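The next block holds one structure in the form of structure tokens; read it before the comments.
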Amino acid sequence: MSAFLANHTRTHNCGALRATDAGAQVVLTGWVQSSRDHGKAVFIDLRDRDGKTQLVFDEAFDPKALEVGKDLRSEWCIGITGEVRSRGTMVNDKLSTGAIEVWVKSIEVFSKSDTPPFSIEDAIDTNEQVRLKYRYLDLRRPKLQKSLMTRSKITRLTRQYLGDNNFLEMETPFMVKYTPGGARNFLVPSRLNPGEFYALAESPQIFKQLLMVAGFERYFQIVRCFRDEDLRNDRQPEFTQIDIEMSFVNEAILQKMMEGLVTKLWKEILDVDIPAPFRRMTYAEAMAKYGVDKPDLRCDLELCEVTEACKTSAFKIFEDAIAAGGIVKALRIPANPALTRKILDGLPDFTKSFGAQCAWVKVGEGGVWTGGLKGFAESARDEVNRVAGAHSGDTILFVANKAKVANATAGALRLFIGDKLGLIRKGEWQFMWLIDPPLFEIEDGHVAAAHHPFTSPRAEDEELLETAPERVLARAYDLVLNGNEVGGGSIRIHRSDLQSRVFAALGISEEHRKAKFGFLLDAFKYGPPPHGGVAFGLDRLAMLISNSDSLRDVIAFPKTQKGSDLMTDCPTHVSQKQLDELFIQLKPDLPI
RNA sequence: GGAGCGGUAGUUAAGUUGGUUAUAACGCCGGCCUGUCACGCCGGAGGCCGCGGGUUCGAGUCACGUCCGCUCCGCCA
């Protein structure tokens with residue numbers, strides 16, 4: 001029991017005091033950021049989640065306090081009482097509280113600290129491995145404190161906005177029936193049902209649709225989702241979605257509602273006015289101009305396709321790629337700012353990971369090329385220059401490959417070069433809706449759902465379901481921000497005849513439909529409303545709005561790229577007894 | 001499943017063609033100092049060079065394997 005807390009209540013946070021508070025008697029609590037011992041006086045920076053305040057321990061003011069003050073070390077947790085004094089002309093501009101300091105009268109050391117493995121400050125170059133092991137210390141750093149406070153603000157504002165618009169916050173199960181297709185699921189063994197497993201929900205998709213059937217009309221949930229896929233800088237095995245579903249809506253109504261949410265977040269958190277409605281761009285346009293379905297519109301560079309021109313180029317590599325069913329994508333880079341030889345020489349390394357190569361030429365007077373593509377036919381060259389809009393001094397990059405690879409590579413090159421040349425405008429917020437994506441993904445003749453099998457095709461494309469499924473576009477939309485997919489959704493199918501036709505196009509037999517989605521199909525027999533929804537990636541939104549580089553900066557306890565938690569050392573092996581209880585036998589040839 | 005980069009005091013890094021006692025900065029410990037705020041000055045401690053075996057008279061250094069972390073491709077309906 002702390003005598004200090006029995007007699008004192010904190011009066012201010014460490015970022016609160018100003019010149020006008022001079023003379024006040026205050027109580028502060030926090031952690032020792034740093035200490036500067038001058039013999040007969042000690043200066044301490046006291047830190048809490050709100051900021052820093054300089055404490056003064058002075059022999060003449062209070063010798064007993066000074067004695068304790070001399071012993072204080074980094075990250076000790078203390079409480080003090082004292083008097084606010086103006087610093088006069090010796091203001092510290094770096095602190096919001098820099099106009100004042102607190103002269104300490106009494107102090108209690110709540111707890112001492114071992115020397116931390118790294119210092120608790122933003123300008124830190126410590127390995128992430130060490131930081132993750134001591135995550136509770138890393139989280140003391142002001143930047144992470146601020147990011148997680150911003151995250152909290154997002155969820156608070158979201159609840160407020162959706163609540164004001166008559167959405168109900170409802171929960172759905174995490175432990176669900178395993179349904180194949182889509183992301184890999186984490187499995188949870190059932191002790192009460194030996195040999196059977198739950199799956200951790202990769203999304204509440206089906207349940208939120210059933211809530212629409214149940215007549216709740218407007219649902220949302222800020223919900224954890226689980227996917228057992230390989231991880232990235234912007235992908236964690238468990239992540240949080242702002243999950244939303246509405247009945248009796250079309251795309252326009254739903255998107256407008258969501259634009260209201262997003263603009264509110266940016267206004268209230270960053271005081272930035274995002275113009276709405278957001279730009280709409282078709283999937284086809286995005287792929288053509290940017291090579292990806294999530295264009296970063298902060299960069300004006302655009303791709304173009306030069307397959308036709310290259311067919312008669314007499315340039316064998318391109319002609320072979322085209323003959324094999326591939327395409328040639330080109331990226332024109334204007335003369336200024338200059339594209340250095342060093343950047344160009346770095347391109348092979350960059351494109352290698354995409355399984356592609358790229359070629360480049362410098363355009364000279366009269367459209368003449370130098371650099372690469374020796375022997376390229378002149379007429380084809382002139383046509384490429386025309387399509388690309390190339391002028392003397394420009395550089396043109398080429399990627400010839402299968403459409404998927406060529407687009408991905410050229411799209412990535414666009415941003416790589418854009419970044420190197422400073423052509424990505426920092427500080428802009430480029431929102432857009434990506435619309436009209438294909439309903440199906442077709443690879444090697446196999447038809448799969450591009451989104452999920454309950455996504456509605458466009459009415460005008462329904463007739464193509466049986467004849468040309470590859471041309472059917474979906475009533476789906478992604479919200480894209482600065483090249484990041486921050487949300488996605490669709491208008492769902494609510495007519496069982498249409499659902500049957502989509503299942504048929506996917507090659508899912510009657511029998512399979514029943515086994516996998518029987519309960520949903522049954523539910524749809526009982527007057528389902530037309531409905532649609534969207535899910536936002538809360539972590540990505542928080543990452544972007546807080547200007548963080550990694551998802552790990554906006555998740556309190558994130559996992560590594562291999563899905564482990566370095567602080568708790570998880571996952572772990574379990575005892576034979578636990579396995580026996582679950583009737584699970586490990587294979588003898590585990591790769592460990 | 002694949003590619004690349006990294007792992008040396010608490011932290012961040014340097015470490016030459018393989019060769020005496022593995023350096024530095026910050027941090028830490030002790031001493032001095034009343035105006036610092038990246039305090040200053042003096043002194044000091046601190047190392048399984050990720051791990052394993054291999055080549056060698058000799059390995060932080062070379063080759064191999066392995067573990068861990070990061071970035072990316074595939075993957076993420």
Side-chain angles (χ1 to χ4, degrees), chain A residues 33-46 52-61 66 70 73-75 85 87-95 97-98 101 103 114-121 123-134 137 179-185 202-203 205-206 225-237 239 349-356 404-405 408-409 412 416 437 439-441 443 447-455 474 476 485 488 490 502 506 508 516 537 549-550 552 559-564 566 569 591-592:
Chain A
Q33 174 75 35
S34 61
S35 74
R36 297 175 290 281
D37 185 346
H38 286 244
K40 294 198 174 81
V42 171
F43 300 93
I44 299 279
D45 290 335
L46 186 69
K52 287 178 213 161
T53 300
Q54 174 162 281
L55 307 180
V56 182
F57 295 78
D58 185 282
E59 188 179 49
F61 187 74
L66 176 64
K70 274 178 155 326
R73 292 293 181 270
S74 288
E75 299 310 314
R85 290 193 179 181
R87 294 211 208 176
T89 55
M90 290 179 302
V91 169
N92 183 348
D93 294 328
K94 291 178 198 157
L95 293 184
T97 59
E101 58 198 12
W103 288 55
D114 285 0
T115 301
F118 48 86
S119 59
I120 310 302
E121 58 193 1
I124 194 178
D125 47 12
T126 301
N127 196 310
E128 198 155 15
Q129 207 165 346
V130 178
R131 289 167 44 200
L132 285 171
K133 181 175 177 190
Y134 299 95
L137 294 181
T179 52
R184 279 190 200 90
N185 291 97
E202 62 194 63
S203 119
Q205 183 60 39
I206 290 174
C225 300
F226 307 87
R227 291 182 192 174
D228 188 10
E229 292 293 344
D230 285 6
L231 308 176
R232 289 282 193 284
N233 182 18
D234 62 350
R235 265 165 26 195
Q236 284 274 316
F239 61 98
D349 269 344
F350 180 77
T351 58
K352 192 169 62 179
S353 67
F354 290 83
K404 199 175 165 184
V405 176
T409 308
F416 180 76
L439 185 64
F440 302 113
E441 249 167 24
E443 205 156 338
V447 180
H451 192 47
H452 57 65
F454 318 113
T455 302
E485 183 196 327
S490 64
V502 169
L506 287 167
I508 303 177
K516 282 189 199 169
D549 300 321
S550 162
R552 293 184 292 273
K559 296 200 167 41
T560 69
Q561 196 165 40
K562 272 190 71 185
S564 59
L566 298 178
D569 189 23
I592 42 176

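What you see is a predicted model; the values in this text were computed from it and never measured.
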Closest to side chain of A:L566, choosing from B:C70, B:U36, B:C68: B:C68
B:U12 to B:U56 separation - P atoms, rounded to the nearest Å: 36 Å
Basic-acidic side-chain contact under 4.0 Å: A:R184, A:E229: yes
B:A38 to B:C32 separation - P atoms, rounded to the nearest Å: 25 Å
Sugar-phosphate only, base, or nothing, as touched by A:A450 at under 4.0 Å among non-hydrogen atoms: sugar-phosphate
Euclidean distance, atom CD of residue A:E59 to atom P of B:C33 [Å, nearest integer]: 10 Å
Separation of atom CG in A:L231 from atom P in B:C73, rounded to whole Å: 13 Å
A:K40 side chain near B:G35 phosphate (N/O to OP1/OP2, under 4.0 Å): no
Separation of the C1' atoms in B:U66 and B:G7, to the nearest angstrom: 14 Å
Interatomic distance, A:Q33 CD vs B:G27 P [rounded to whole Å]: 13 Å
B:U23 versus B:C64 - spacing of their P atoms, nearest Å: 30 Å
A:F61 side chain reached by A:V56 side chain, heavy atoms, under 4.5 Å: no
Between P of B:C68 and CG of A:D569, the distance in whole Å: 11 Å
B:G46 versus B:G2 - spacing of their P atoms, nearest Å: 45 Å
Rounded P spacing from B:G35 to B:U11 in Å: 35 Å
Sugar-phosphate only, base, or nothing, as touched by A:R552 at under 4.0 Å among non-hydrogen atoms: sugar-phosphate
Side chain to side chain, A:F416 and A:T351, heavy atoms closer than 4.5 Å: no
Paired nucleotide for B:C62 [Watson-Crick or G-U wobble; both distances under 3.5 Å]: B:G54
For B:U11, the Watson-Crick or wobble counterpart (both distances under 3.5 Å): B:A25
Sugar-phosphate, base or nothing in reach of A:K70, heavy atoms under 4.0 Å: nothing
Sugar-phosphate only, base, or nothing, as touched by A:E101 at under 4.0 Å among non-hydrogen atoms: base
Integer-rounded Å distance: B:C39 P and A:N92 CG: 11 Å
A:R235 side chain, from C-beta outward: closest of B:C37, B:G74, B:U71: B:G74
Flag if over 12 foreign heavy atoms under 6.0 Å of OH, A:Y134: no
Spacing between A:D234 atom CG and B:C70 atom P, to the nearest angstrom: 13 Å
Counter-base of B:C39, judged by Watson-Crick or G-U geometry with both distances under 3.5 Å: none
Any donor-acceptor N/O pair, A:T179 side chain to A:K516 backbone, under 3.5 Å: no
Nucleotide-resolved protein contact map, nucleotides 1-9 of chain B, B/S/- at heavy-atom distance under 4.0 Å: B--------
A:Q236 (side chain) donor-acceptor with A:K559 (main chain) under 3.5 angstrom: yes
Out of B:C75, B:U11, B:C72, whichever nucleotide has its closest atom nearest the side chain of A:N233: B:C72
A:K404 vs B:C75: side-chain N/O to OP1/OP2 distance below 4.0 Å: yes
Whichever of A:A449 and A:T115 has its nearest RNA chain B nucleotide further upstream toward 5': A:T115
Between B:C75 (P) and A:E202 (CD): distance, integer Å: 16 Å
Sugar-phosphate only, base, or nothing, as touched by A:D228 at under 4.0 Å among non-hydrogen atoms: nothing
Sugar-phosphate, base or nothing in reach of A:K562, heavy atoms under 4.0 Å: sugar-phosphate
Side-chain donor/acceptor contact of A:Q54 with base of B:U36 under 3.5 Å: yes
Face-to-face contact A:H38 to B:U36 six-ring, under 5.5 Å, under 30°: no
Donor-acceptor pair, side chain of A:Q54 and main chain of A:T97, under 3.5 angstrom: no
5'-most by nearest nucleotide on RNA chain B - A:D125 or A:G355: A:D125
Sugar-phosphate, base or nothing in reach of A:S564, heavy atoms under 4.0 Å: sugar-phosphate
A:F354-A:F350 aromatic ring centre distance below 6.0 Å: yes
Among B:C70, B:C29, B:C68, the nucleotide that comes nearest once only the side chain of A:E128 is considered: B:C70
Is_stacked (A:F118, B:U11) at 5.5 Å, 30 deg: no
Same-atom distance (C1') from B:G53 to B:C62, integer angstrom: 15 Å
Note, A:R36 side chain near A:D45 side chain (heavy atom, < 4.5 Å): yes
Interatomic distance, A:I124 CD1 vs B:G10 C1' [rounded to whole Å]: 12 Å
Base paired to B:U71 (Watson-Crick or G-U; both N/O distances under 3.5 angstrom): B:A3
Among B:U11, B:G35, B:G74, the one nearest A:T126 by side-chain distance: B:U11
Base B:C29 paired with A:R73 side chain (donor-acceptor, <3.5 Å): no
Nearest-nucleotide pick for A:S74, side chain only, options being B:C28, B:C76, B:A38: B:C28
Side-chain heavy atoms of A:R73 within contact of A:T115, under 4.5 Å: no
Base of B:C32 paired with side chain of A:D37 (donor-acceptor, under 3.5 Å): no
Euclidean distance for C1', B:G50 against B:U17 (whole angstrom): 26 Å
Minimum side-chain heavy-atom gap A:K70-A:S35 below 4.5 Å: no
Any A:R36 side-chain nitrogen or oxygen under 4.0 Å from OP1 or OP2 of B:C39: yes
